[in-house]
Amino acid sequence: MDANLPPLAASSTFPWLSLITLLPAAFALVMPLLPGDGSDPKIPRTIALTVLLGDLVLMLVCFSQHFDGSLSELQLVERLPWLPALGLEWSLGADGLSAPLVVLSGLVTLLSVAASWNIQKKTRLYFALLLVQASAQALVFLSQDFLLFFLAWELELVPVYLLIAIWGGHQRQYAATKFILYTATASLLILVSGLALALNGPFTLNLTELAARSPGGTFGLLCYLGFLVGFGVKLPMFPLHTWLPDAHGEANAPVSMLLAGVLLKMGGYALLRFNVQMLPEAHLTLAPALIVLGIVNIVYGALNAFAQDNVKRRIACSSVSHMGFVLVGIGAIDALGMSGAMLQMISHGLIAAAMFFVTGVFYERTKTLSIPNMGGLAKALPITFAFFVASSLASLALPGMSGFVSEITVFLGLTESDRFTLGFRVISIVLAAIGLVLTPVYLLSLCRRVFFGPRIPALAVVGDMKPRELVIGLTLLVPTLVIGFWPRVAIDFYEASTDALANELGRTSLLALAKITALG
């Protein structure tokens with residue numbers, strides 16, 4: 001193993017990560033065995049809520065008591081031979097890149113179940129799929145074996161496809177098929193690139209051992225591009241993003257919470273884990289292109305949002321724009337920039353989930369998401385209006401909320417990076433700032449058209465948010481305020497890991513410069 005790579009921490013004496021990962025899937029298997037015809041949603045809903053609440057408590061206990069955010073190495077490591085003939089291990093571990101995203105996925109999935117209170121069709125299957133999705137998400141973030149990671153990456157596609165195809169809107173089959181075609185095709189590139197790395201030397205699927213090889217040259221660039229396209233679909237990265245507005249437009253609100261709050265973050269996490277950590281030389285070469293793609297995401301997503309007359313499709317385009325900051329932060333080749341990328345994933349996960357949840361609240365009352373068919377809802381739904389405005393302000397990066405801290409950190413990381421010319425940095429910041437200017441325009445315009453203006457008579461009498469919905473909304477919005485005023489509560493989890501990545505990139509850059517000097 002490369003001496004520059006952080007060592008592994010001692011293996012965990014208690015299988016915390018295995019328990020966190022397998023608990024939801026184990027109870028998903030129980031759902032078909034429940035008595036009755038499945039028409040009563042109370043039992044499967046209660047089981048899913050209880051299991052995911054217990055899983056979230058396990059995560060909080062595990063990462064607060066047994067995880068040290070000041071260390072960059074893998075912790076709570078669990079390794080068990082699974083299929084030795086294939087080199088496959090049950091290998092789990094957590095570091096600063098994975099721990100906060102595991103907690104985020106646990107929280108958003110729990111709240112998506114709580115938001116599914118009115119699901120009446122095939123409830124046992126519905127809640128079983130959410131439980132399977134919870135396990136697959138955790139396994140993606142915690143896997144330290146490439147094949148195990150890939151199996152988890154593929155496993156999480158199936159519940160999302162079914163959740164859209166069965167419980168979605170009128171064009172749900174089209175949206176679900178488009179989602180699976182995009183993501184499954186991209187997975188082939190991930191598999192080919194990963195196996196190429198595994199075969200480049202003594203065969204291994206262990207991610208730490210693969211990172212120690214750090215291949216460069218044309219081989220490294222090709223693997224990097226394969227991962228970039230494969231993970232870029234999930235991020236989503238322009239022009240691979242077109243499945244997202246359709247999926248959000250047809251999925252119900254709880255599934256949209258999962259899509260925006262967790263699934264998009266898998267793409268950003270994988271870029272850090274594979275493209276940056278395993279292929280630093282290729283990343284140094286292609287980082288400017290990553291920044292350009294991020295800026296295109298920011299501006300294009302914001303402009304595209306203006307053209308949407310469906311509330312969820314407009315928020316989906318907003319997600320495309322905001323995830324562009326993750327690309328810019330990763331491409332900045334700077335500890336501060338990568339810290340901003342991580343914080344943006346955490347922040348956007350909370351904010352986007354909140355926006356889609358509140359959208360689902362007023363959709364249940366109005367039965368429409370068409371912006372031209374709404375108006376005057378502020379008087380009929382004052383609490384819902386307050387929550388939607390609060391989540392919109394967080395999304396447009398109002399100072400004091402997490403979106404502001406994450407986006408300004410990305411900007412500062414790009415500004416301070418000495419890897420690029422001054423002209424490139426200035427132009428990049430100016431273009432990215434256009435997205436910051438456009439975001440409040442399309443979000444506040446959305447608020448004005450939906451909640452103000454002439455009152456639609458058919459929408460005049462509707463009930464406001466219930467206590468259950470208030471709890472869900474507050475659980476998502478309060479952390480955005482806490483992180484906004486006290487960002488260290490999130491940064492302390494991952495800062496050591498992002499600093500280690502930046503240091504490794506710096507060493508790789510110096511080695512490359514030394515080689516060029518020697519050849520000269």
Side-chain angles (χ1 to χ4, degrees), residues 100-101 103-104 107-108 111 256-257 260-262 264-265 268 298 301-302 305 311 314-326 328-329 336-337 339-359 361 378 382-414 432-448 450-451 465 469-495:
L101 296 179
V103 176
L104 174 69
L107 175 65
V108 173
L111 296 179
S256 286
M257 290 168 65
V262 183
L264 306 190
K265 312 308 170 286
I298 294 168
V311 177
R314 180 169 290 201
I315 299 172
C317 291
S318 172
S319 292
V320 174
S321 180
H322 284 94
M323 291 305 289
F325 285 98
V326 175
V328 173
L336 195 58
S339 175
M342 276 295 299
L343 192 58
Q344 177 71 350
M345 286 193 279
I346 298 168
S347 171
H348 181 264
L350 294 167
I351 295 169
M355 293 195 74
F356 281 113
F357 166 69
V358 181
T359 300
V361 170
I383 301 176
T384 305
F385 164 65
F387 270 89
F388 193 81
V389 169
S391 57
S392 296
L393 293 176
S395 183
L396 61 83
L398 182 76
M401 306 189 91
S402 60
F404 173 79
V405 181
S406 60
E407 292 180 13
I408 200 67
T409 304
V410 170
F411 275 116
L412 291 174
L414 182 57
I434 294 174
L436 288 180
V437 174
L438 294 174
T439 302
V441 179
Y442 67 72
L443 284 177
L444 295 180
S445 169
L446 173 63
C447 292
R448 175 182 58 80
V450 170
F451 291 100
M465 292 180 79
E469 295 166 328
L470 283 171
V471 171
I472 297 172
L474 287 171
T475 305
L476 289 167
L477 284 176
V478 168
T480 67
L481 288 169
V482 173
I483 295 173
F485 283 100
W486 188 25
R488 274 286 161 191
V489 73
I491 293 173
D492 284 345
F493 263 95
Y494 63 77
E495 188 173 40

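In this structure, CE on Met465 lies 7.5 Å from CG on Leu474, to the nearest 0.5 angstrom. Taking CD1 from Ile315 and OG from Ser321, the interatomic distance works out to 13.5 Å, rounded to the nearest 0.5 Å. The CG atom of Leu443 sits 10.5 Å away from atom CG of Leu438, with the distance rounded to the nearest 0.5 Å. Atom-to-atom distance recorded for Met401:CE and Glu407:CD is 12.5 Å, nearest 0.5 angstrom. Taken from CD1 in Ile434 to OG1 in Thr439, the straight-line distance is 11.5 Å, to the nearest 0.5 Å. With rounding to the nearest 0.5 Å, the separation of CD in Glu495 from OG in Ser339 is 6.0 Å.
The nearest pair of heavy atoms linking Val405 to Pro487 is CG1-CB, 3.7 Å. When every heavy atom of Met342 is checked against every heavy atom of Pro100, the shortest pair comes out as CE-CG, 3.8 Å. When all heavy atoms of Ser347 and Gly403 are compared, the closest pair comes out as OG-N, 3.3 Å. The minimum heavy-atom distance between Met355 and Ser392, with the atom names listed, is CE-OG, 3.6 Å. In terms of heavy atoms, Ala316 sits closest to Phe356 at N-CZ, 3.9 Å. Residues Ile351 and Ala394 share a closest heavy-atom pair of CD1-O, 3.5 Å.
No side-chain heavy atom of Ile383 sits less than 4.5 Å from a side-chain heavy atom of Glu469. In this structure, Phe325 and Leu436 have side chains that are in contact, with non-hydrogen atoms separated by less than 4.5 Å. A 4.5 Å side-chain heavy-atom check between Leu470 and Phe387 finds at least one atom pair inside the cut-off. Proximity of Ile483 to Leu350: side-chain heavy atoms (C-beta onward) are separated by under 4.5 Å at one or more points. Side-chain contact between Leu111 and Phe357: absent, with no pair of heavy atoms (C-beta onward) separated by less than 4.5 Å. The closest side-chain heavy-atom distance from Thr409 to Ile491 is not below 4.5 Å. Put simply, the side chain of Ser402 does not reach to within 4.5 Å of the side chain of Ile346, judged on heavy atoms.
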Where do Leu343 and Tyr494 land on the side-chain contact (heavy atoms from CB on, under 4.5 Å) test, with the steps shown first?
CA-CA 9 Å; Leu343 192 58; Tyr494 63 77; 3.3 Å; yes

Check your understanding: Going through the checks in order, is the side-chain contact (heavy atoms from CB on, under 4.5 Å) test met by Val326 and Leu264?
Key -> CA-CA 11 Å; Val326 175; Leu264 306 190; over 6 Å; no

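Looking only at distances, a side-chain donor or acceptor of Gln344 sits under 3.5 Å from a matching main-chain atom of His322. Judged purely by atom type and a 3.5 angstrom limit, Ser395 has no side-chain atom pairing as donor or acceptor with the backbone of Ser391.
Ring geometry for Phe388 against Phe451 counts as tilted: the plane angle lies between 30° and 60°, on a 0 to 90° scale.
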